[in-house]
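Quick note: numbers below take in every heavy atom, side chains included, and nothing from hydrogens, waters or symmetry partners. Computed from a predicted model, the values in this text were never measured in an experiment.
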Amino acid sequence: MDLRPEEISSIIKRQIRDYENTVNEAETGTVIMVGDGIARAFGLDRCMAGELLLFEDGEAGMAMNLEENTVSIVLLSDSDKIREGTLVRRTGRVVSVPVGDAMLGRIVNALGAPIDGRGPIETTDTRPVEHNAPGIIQRKSVSVPLQTGIKAIDAMVPIGRGQRELIIGDRQTGKTTLAVDTILNQKGTGVLCVYVAIGQKNSTVALLAETLREAEADAYTVIVSASASESAPLQYIAPYAGCAIAEYFMDQGKDVLIVYDDLSKHAVAYRALSLLIRRPPGREAYPGDVFYLHSRLLERAARVAPEYGGGSITAMPIIETQAGDVSAYIPTNVISITDGQIFLETELFHAGVIPAVNPGISVSRVGGAAQIKAMKKVAGPLKIIYSQYRELQAFAQFGSDLDADTKARLAQGERIVEVLKQGKSAPIPVAYQVAIIYAVIHNHLASVAVPDVREYESALFDYLRTHQDELMERIASTGNLTAEDEKLLDDALRAFTADFTAARAKE
């Protein structure tokens, strides 16, 4: 193409006018040691703690220890390509994960990348995994119930939106099931859910995802998975990444439930990291800041005041105990950080009491503030009666000569145990929970044989759905049990119990 001299002149003038004399400055260092998912680099003098660092082949790492001459880096991706002499570059930003509405319904890894085979996640927003918790002024007291759909919890250890309630117990006692049932019960409530799987098998996570999909709960749930086959740094970062995803929704004024399953494995992953980067071991070889590890995570759960956005994050961390020992290092740490705990007892579980909630040491420090008025009114005496029954049961096995009052208490206690039993993936609406707990507390089940209680409950719910639908709707919508409604419920229970026992007698 021929250009006239004046055109060439104008092009040169434009280039001179638009010329920007910029220098791209990047601080780089050199890897001097690598192994076991840890690299040590020299030359990163201005590196920040928690900063994202990039190696020359594109692998990522996070600065963990800032020493006098070197920086200890935990590797967040494949370490096979990293050798001594590999260049590492500062990014000037802390490790972040993608966030946004597009995350709902997806399974992602600890860095927010999709691992469910459904293509990339269409979102451009990111959020740092480490973030300051809301301050005292921004917080509002916990007073809105978060219904779990589990009778033993909603009645005796209620959870409120913005609370931190620990689920603790030995392995195979139903801790994950309890958390998953709570997620299932949020359908239609507007509460979004984040489930963080730490150190679990991929098959377990896939099974959980399938359970959520079958119940149509996947649409409002994000699963963050750092499986047992992944490196300790990814298991360490996973709960913080899940919390960052939850905080995005909280900042939009939404209510979020986040489950950390489980923080015992998280502490073990952090211990492995700390020992590899030569931090001094302390009690049980955990580093001195292991308490801060979990406190800075769980403090991010809060109910924010309306003038600051009005959202909430409710945290349900899970801790695994060894032989029921709640006095071990990590359990006591997390108990002291949280607002109560639900203790699942192995003996109860093996005795068929599922969920195996121990009413003695299970507690919610929010208490009745996190219950609807109807449940508070009905379930007030439940925990005391249940605890007294367990004590009486221990004494009753040593003597056969019991007075009438003790026999009546034992009979009522047996029926309470049966009422509080509940199947897997079968959350119960709160109005129906109120009905069955009212029935057992006011001795409507006295004439019902203990083996028939579960059938009685199922038939009662069908009866109330058919004949007292307006009453159930009123309890659910208002959260109250007025004197008129209590009389209606009492009459309905009397009529149904008479029909049920008569039908049983004919059989």
Side-chain angles (χ1 to χ4, degrees), residues 48-53 60-64 74 76-77 91-116 120-135 138-139 161-162 164 183 191-198 205 220-226 230-231 233-263 266 269-270 273 292-304 308-318 337:
M48 303 180 292
E51 183 175 352
L52 178 67
L53 303 171
M62 182 174 71
M64 280 286 280
V74 296
L76 301 175
S77 53
T91 61
R93 65 181 193 275
V94 295
V95 177
S96 301
V97 290
V99 295
D101 293 338
M103 303 292 283
L104 293 169
R106 302 300 299 269
I107 306 173
V108 298
N109 66 12
L111 296 174
I115 54 172
D116 52 7
I121 296 172
E122 299 297 327
T123 184
T124 55
D125 292 336
T126 60
R127 192 179 176 97
V129 295
E130 296 274 10
H131 192 267
N132 289 341
Q138 294 172 268
R139 293 176 183 251
R161 296 184 186 184
R164 300 155 299 177
I183 291 174
V191 177
L192 304 176
C193 302
V194 179
Y195 178 87
V196 184
I198 308 161
V205 178
Y220 56 84
T221 307
V222 184
I223 297 176
V224 180
S225 175
E230 293 187 72
S231 64
L234 290 175
Q235 292 184 44
Y236 158 69
I237 211 169
Y240 299 101
C243 195
I245 292 166
E247 281 176 330
Y248 167 83
F249 296 118
M250 181 176 75
D251 287 349
Q252 293 183 324
K254 296 176 181 175
D255 294 311
V256 189
L257 167 68
I258 184 163
V259 176
Y260 302 111
D261 191 6
D262 65 59
L263 292 188
H266 181 233
Y270 185 62
L273 277 186
Y292 180 58
L293 175 79
H294 290 148
S295 66
R296 75 176 190 264
L297 171 69
L298 294 170
E299 285 295 335
R300 290 161 73 177
R303 183 182 174 209
V304 179
Y308 293 99
S312 74
I313 293 178
T314 308
M316 288 183 79
I318 294 174
I337 296 164

Is there a side chain to side chain contact (heavy atoms under 4.5 Å, CB included) between Arg127 and Asp251? Walk through the geometry before answering. CA-CA 12 Å; Arg127 192 179 176 97; Asp251 287 349; 2.8 Å; yes
Are any side-chain N or O atoms of [X] and backbone N or O atoms of [Y], one a donor and one an acceptor, separated by less than 3.5 Å?
X: Glu230; Y: Gln235; answer: no
X: Thr314; Y: Gly162; answer: yes
X: Thr91; Y: Leu52; answer: yes
X: Ser312; Y: Asp255; answer: no
X: Asp116; Y: Ile107; answer: yes

Using the side chain to side chain contact (heavy atoms under 4.5 Å, CB included) rule, take Ile258 and Val196 through it: C-alpha gap first, then chi angles, then the decisive distance, then the call. CA-CA 7 Å; Ile258 184 163; Val196 184; 4.2 Å; yes
Go through the steps to decide whether Tyr220 and Val191 satisfy the test side chain to side chain contact (heavy atoms under 4.5 Å, CB included), and finish with yes or no. CA-CA 8 Å; Tyr220 56 84; Val191 177; over 6 Å; no
CA sep, side-chain torsions, deciding dist, call: Leu297, Leu263, side chain to side chain contact (heavy atoms under 4.5 Å, CB included): CA-CA 10 Å; Leu297 171 69; Leu263 292 188; 4.1 Å; yes
If you take all heavy atoms of [X] and [Y], which pair is closest and at what distance?
X: Val108; Y: Ile245; result: CG2-CD1, 4.5 Å
X: Ile121; Y: Gly112; result: CD1-O, 4.1 Å
X: Gly242; Y: Val224; result: CA-CG2, 4.0 Å

A side-chain contact here means heavy atoms from C-beta on lying under 4.5 Å apart; do [X] and [Y] qualify?
X: Val129; Y: Val94; answer: no
X: Cys193; Y: Val259; answer: no
X: Val194; Y: Val256; answer: yes

Side chain to side chain donor-acceptor pair (under 3.5 Å): pairs with one or both residues in residues 95-105, sequence neighbours excluded: none
Under the side chain to side chain contact (heavy atoms under 4.5 Å, CB included) test against Ile313, which residue among Met250, Arg303, Arg300 passes?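 In the set Met250, Arg303, Arg300, the residue that makes a side chain to side chain contact (heavy atoms under 4.5 Å, CB included) with Ile313 is Met250.
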Atom pair CD/CE of Glu130 and Met62 - distance to nearest 0.5 Å: 7.0 Å
Rounded distance (nearest 0.5 Å) linking atom CZ of Phe249 with atom CE of Met103: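 The distance works out to 7.5 Å.
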Set of residues satisfying ring-ring contact (aromatic ring centres under 6.0 Å, His included) with respect to Tyr240, sequence neighbours excluded: Tyr236, His266
